[in-house]
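To keep things clear, I will list the structure first and then write my remarks on it.
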Amino acid sequence: MKIGEAEAASFGLVLGLRREIAQQASVDIVVVLSMRLVFEGLISKDLMFYGFVLSCVGMAMSCKDGKPGLDNGKYVRYTPEQVEALERLYHDCPKPSSIRRQQLIRECPILSNIEPKQIKVWFQNRRCREKQRKEASRLQAVNRKLTAMNKLLMEENDRLQKQVSQLVYENGYFRQHTQNTALPTKDTSCESAVTSGQRSLTTQHPPRDASPAGLMSIAEETLAEFLSKATGTAVEWVQMPGMKPGPDSIGIVAISHGCTGVAARACGLVGLEPTRVAEILKDRPSWFRDCRAVDVLNVLPTANGGTIELLYMQLYAPTTLAPARDFWLLRYTSVLEDGSLVICERSLKNTQNGPTMPPVQHFVRAEMLPSGYLIRPCEGGGSIIHIVDHMDLEPWSVPEVLRPLYESSTVLAQKTTMVALRQLRQISHEVSQSNVTGWGRRPAALRALGQRLSRGFNEAINGFTDEGWSMIGNDGVDDVTVLVNSSPDKLMGLNLSFANGFPSISNAVLCAKASMLLQNVPPAILLRFLREHRSEWADNNMDAYSAAAIKVGPCGLPGSRVGNYGGQVILPLAHTIEHEEFLEVIKLEGIAHSPEDAIMPREVFLLQLCSGMDENAVGTCAELIFAPIDASFADDAPLLPSGFRIIPLDSAKEASNPNRTLDLASALDIGPTGNRASNDYSGNSGSMRSVMTIAFEFAFESHMQDHVASMARQYVRSIISSVQRVALALSPSHLSSQAGLRTPLGTPEAQTLARWICNSYRCYLGVDLLKSNSEGNESLLKSLWHHSDAILCCTLKALPVFTFANQAGLDMLETTLVALQDITLEKIFDDHGRKILCSEFPQIIQQGFACLQGGICLSSMGRPISYERVVAWKVLNEEENAHCICFMFMNWSFV
């Protein structure tokens with residue numbers, strides 16, 4: 001059937017009527033209106049039938065939502081004014097409630113002709129468009145990043161192919177040379193590894209011209225050598241263990257093999273423009289925390305629009321056992337023909353006719369070989385950056401035990417090269433994210449606080465005389481070095497007046513520091529223990545004294561004041577992208593005071609910087625640096641940093657001897673265990689060494705110097721003793737490779753005790769303690785260790801002390817196996833619990849077991865713990881004699 005124009009117009013009239021009345025009308029009304037149109041001759045019966053069917057279908061679809069007669073397909077055309085009003089509300093509240101939408105209609109007359117449901121649909125569509133826009137933007141950014149990474153990997157592949165071709169050519173040449181050359185008459189085998197290197201070191205070069213023309217020649221030579229290292233084959237690069245390239249990785253990181261000194265290379269992507277990248281990298285003290293100062297002594301413009309700068313740079317020593325380093329450098333900045341920005345540097349040695357830098361006291365002059373940064377603009381924004389660090393750090397000037405720090409390219413990569421990339425990525429991330437982070441602080445302010453903590457700790461370790469530090473005599477034992485600083489610059493931030501009216505009168509700062517060698521202890525695990533279990537090594541009175549000394553007026557030395565930690569609360573402040581560094585505020589609770597200590601702080605706050613806690617990272621330095629702060633926590637608050645630094649010495653040994661043949665298969669085939677340090681330390685525990693440096697600072701009044709010095713020495717010695725005790729317990733000989741930090745698996749004594757515990761439980765209670773009771777002692781202990789209830793064993797003595805606990809028991813008591821023996825049974829129960837225990841103890845001895853009703857107990861940190869009930873039973877040994885008593889706290893939780 002064909003419908004004419006008139007009928008089509010009439011059909012449209014029907015549909016129009018249906019739209020107008022369908023929301024409030026029933027099917028009957030639609031039929032009546034359609035029949036009226038038929039009688040008046042406006043439409044035919046067939047057309048009426050089609051209109052009726054369409055109306056029913058439309059209303060049926062509307063009824064699916066339980067709202068009969070509501071047309072979901074109604075389209076509303078909004079005016080620009082209406083869209084502007086809705087956009088304003090969307091930016092304030094992307095998901096308004098129904099009340100808010102109705103309020104909007106009342107407040108905006110231009111929206112009065114729009115129904116609330118349509119406004120709701122508009123907001124739904126607007127949120128959908130925003131989500132699609134963000135997702136499209138994210139996918140575009142990922143696509144650009146993958147494209148740039150692909151380009152970077154292709155360039156790296158080309159470079160590696162050139163390196164392989166060069167190695168193949170050299171291999172063929174040496175083979176042909178050895179076949180055609182007769183045996184030498186002189187034996188030079190003894191010179192191959194030693195004298196050959198000495199000859200290269202003692203080669204004398206004529207002095208270089210340091211006039212402007214001569215400096216330009218040196219700069220061009222430096223640029224060519226740097227580019228050959230960054231993109232060529234001048235240095236044989238080997239992928240750094242643990243680093244895999246990818247879109248979410250920091251970049252491609254490699255270390256040198258067989259070159260003079262130590263060298264590291266990295267290339268990656270950053271979301272910053274080249275000029276901004278160059279600005280950040282030139283400001284080395286802002287991101288390289290080992291850099292004490294960079295002084296620009298002269299600037300020379302070049303004909304090609306670049307600059308030549310003469311720099312003097314000083315680096316802090318990482319430990320008290322080594323001197324600091326300094327450099328006399330030339331830095332050349334220029335733009336290549338392809339638009340890439342280049343910053344290259346090298347040491348100026350053996351020059352004439354120009355400026356020089358004489359040796360500086362307390363510094364060892366190191367050499368920087370051609371190094372620098374190649375920054376290329378990336379399509380779609382951002383930059384591709386190549387970093388090369390190549391140095392000769394003069395390892396002869398440090399004790400032999402520390403030379404791995406100065407002979408390891410891996411250490412250089414961790415401390416310098418990768419730090420530069422991380423800083424660029426961090427700033428790029430902050431630019432793309434919100435400007436305000438934790439506690440209402442801007443990212444730049446938080447980075448500045450972390451920089452101040454690290455810099456203050458480095459100053460304390462190095463104790464330079466030009467900063468006002470002077471050493472005072474020891475007490476006959478030179479294990480702890482004590483320095484005093486009365487410089488106005490050091491005290492400028494401490495002489496403040498506070499809201500309580502007490503001015504700070506501390507006029508000097510004392511630093512007690514020491515270094516110690518640790519054997520067989522993973523730095524990350526030790527540092528994590530020091531962070532999480534402060535009460536194991538710290539003295540709350542010393543913390544209170546340190547906090548008061550910089551905050552208020554008169555305060556005495558800590559004496560016999562009684563006070564224990566109620567606990568510490570860690571308040572996260574900020575962290576880096578890869579979570580390798582944390583900035584946090586520590587609140588120390590439960591510090592008791594005597595009446596005369598009214599001016600002492602009742603709550604102690606510490607600003608703490610923690611890094612290197614990832615035990616899987618290769619060769620990473622671990623640091624825990626903290627300083628007392630006022631509760632107001634201002635950005636310019638005075639900081640006296642103290643803390644620990646643990647540097648691994650043997651974790652990243654490298655086969656970089658130039659007289660050895662590189663095994664490419666072993667160097668490049670990085671498997672799952674090659675990427676990260678193994679958790680099983682038993683294999684390499686014999687050679688695992690690290691050096692720990694401890695430094696603590698105290699503000700004091702000058703007339704109390706002798707007393708404060710004596711107190712500081714004893715405090716640092718007690719910390720050393722505590723660290724040695726903890727390190728012994730954390731050594732791999734006391735740890736299992738599977739259970740991690742606190743597991744005693746593997747020791748025969750623990751396996752025997754686990755068997756006695758399970759057998760005695762079955763004997764007295766008639767059921768098995770473990771659901772899957774295995775026959776093997778090792779699996780039995782493992783099941784007991786991971787039991788969900790807290791299981792603890794204590795001695796049968798007049799004052800019972802704990803001797804064993806499983807993982808849940810240690811978590812409940814907030815302690816470790818080392819400190820467990822210092823906790824007595826009566827300390828964890830409250831008065832009510834002790835009464836019940838005393839009444840039930842005879843039953844435990846006579847019947848062998850007892851069930852105690854639920855109650856409250858306390859952890860070693862003073863935190864209350866609720867438990868549903870406790871099952872106690874007597875543990876019998878092989879001779880059926882009582883060995884100890886075992887307690888199982890069921891369904892416990894912190895209150």
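To the nearest 0.5 angstrom, I629 atom CD1 is 8.0 Å from L639 atom CG. For the atom pair S98 OG and I119 CD1, the distance stands at 11.5 Å (nearest 0.5 Å). Taking CZ from R292 and CZ from R455, the interatomic distance works out to 7.5 Å, rounded to the nearest 0.5 Å. Distance CG/L86 to SG/C108: 8.0 Å, rounded to 0.5 Å. Of the inter-residue distances, the one linking I375 atom CD1 with L281 atom CG reads 5.5 Å to the nearest 0.5 angstrom. To the nearest 0.5 Å, atom CG of residue L609 and atom CZ of residue F582 are 11.0 Å apart.
Not a single donor-acceptor pair under 3.5 Å links the side chain of Q608 to the backbone N or O of I625. When atom types are taken as modelled, the side chain of E532 and the backbone of F529 share no donor-acceptor pair closer than 3.5 angstrom.
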Worked check of side chain to side chain contact (heavy atoms under 4.5 Å, CB included) between V604 and K587: CA-CA 6 Å; V604 175; K587 180 182 178 182; over 6 Å; no
Would Q132 and C128 count as a side chain to side chain contact (heavy atoms under 4.5 Å, CB included) here? Give the steps. CA-CA 6 Å; Q132 291 174 349; C128 184; 3.5 Å; yes
The test is side chain to side chain contact (heavy atoms under 4.5 Å, CB included); show your working for V388 and T417 and say whether it passes. CA-CA 7 Å; V388 173; T417 314; over 6 Å; no
Given side chain to side chain contact (heavy atoms under 4.5 Å, CB included), test L424 with V277 step by step and report yes or no. CA-CA 7 Å; L424 294 172; V277 173; 3.9 Å; yes
Does R531 form a salt bridge (Lys or Arg N to Asp or Glu O under 4.0 Å) with E623? I'd like the steps, not just the answer. CA-CA 10 Å; R531 172 179 176 266; E623 290 184 335; over 6 Å; no
Would R284 and E345 satisfy salt bridge (Lys or Arg N to Asp or Glu O under 4.0 Å), going step by step from the backbone distance to the final call? CA-CA 13 Å; R284 192 180 261 114; E345 299 171 324; 2.9 Å; yes
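Taking the centre and axis of the six-membered ring of F626, the NZ or CZ atom of R534 falls inside the cone set by 45° and 6.0 Å.
No side-chain heavy atom of T307 sits under 4.5 Å from any side-chain heavy atom of Y332. Residues P285 and C291 form a side-chain contact, since some pair of their non-hydrogen atoms from C-beta on lies under 4.5 Å apart. You'll find the side chain of L606 stays beyond 4.5 Å of the side chain of V585, heavy atoms only. The shortest distance between side-chain heavy atoms of L374 and S340 falls below 4.5 Å.
F123 approaches P96 most closely through the heavy-atom pair CD2-CD, 3.6 Å. Nearest heavy-atom pair, V419 versus Q414, reported as atom, atom and distance to 0.1 Å: CG2-O, 3.3 Å.
Using a 4.0 Å cut-off between charged nitrogen and carboxylate oxygen, E580 and R422 count as a salt-bridge pair. No salt bridge links E273 with R276; every basic N to acidic carboxylate O contact stays at or beyond 4.0 Å. Under a 4.0 Å N-O distance rule, the pair K415/D290 qualifies as a salt bridge. Salt bridge R289/E581: present, at least one basic N to carboxylate O contact under 4.0 Å. Ion pair K282/E309 flagged as a salt bridge, since at least one NZ, NE, NH1 or NH2 atom sits closer than 4.0 Å to an Asp/Glu carboxylate oxygen.
R133 pairs by the salt bridge (charged side-chain N to carboxylate O under 4.0 Å, His left out) definition with E130, not counting sequence neighbours. Under the ring-ring contact (aromatic ring centres under 6.0 Å, His included) criterion, W892 pairs with F894, not counting sequence neighbours.
Counted within 6.0 Å of CD1 on I99, heavy atoms from surrounding residues, nucleotides or ligands total 12 or fewer; the atom is thus considered open.
No side-chain donor-acceptor contact under 3.5 Å links N113 and Q118. No side-chain N or O of D389 forms a donor-acceptor pair with one of S371 less than 3.5 Å apart.
Each salt bridge (Lys or Arg N to Asp or Glu O under 4.0 Å) pair with one or both residues in residues 86-98, not counting sequence neighbours, appears once here: E84-R88, E87-R126.
Relative ring orientation between Y373 and W287 is described as perpendicular, the plane-to-plane angle rising above 60° on a 0-90° scale split at 30° and 60°.
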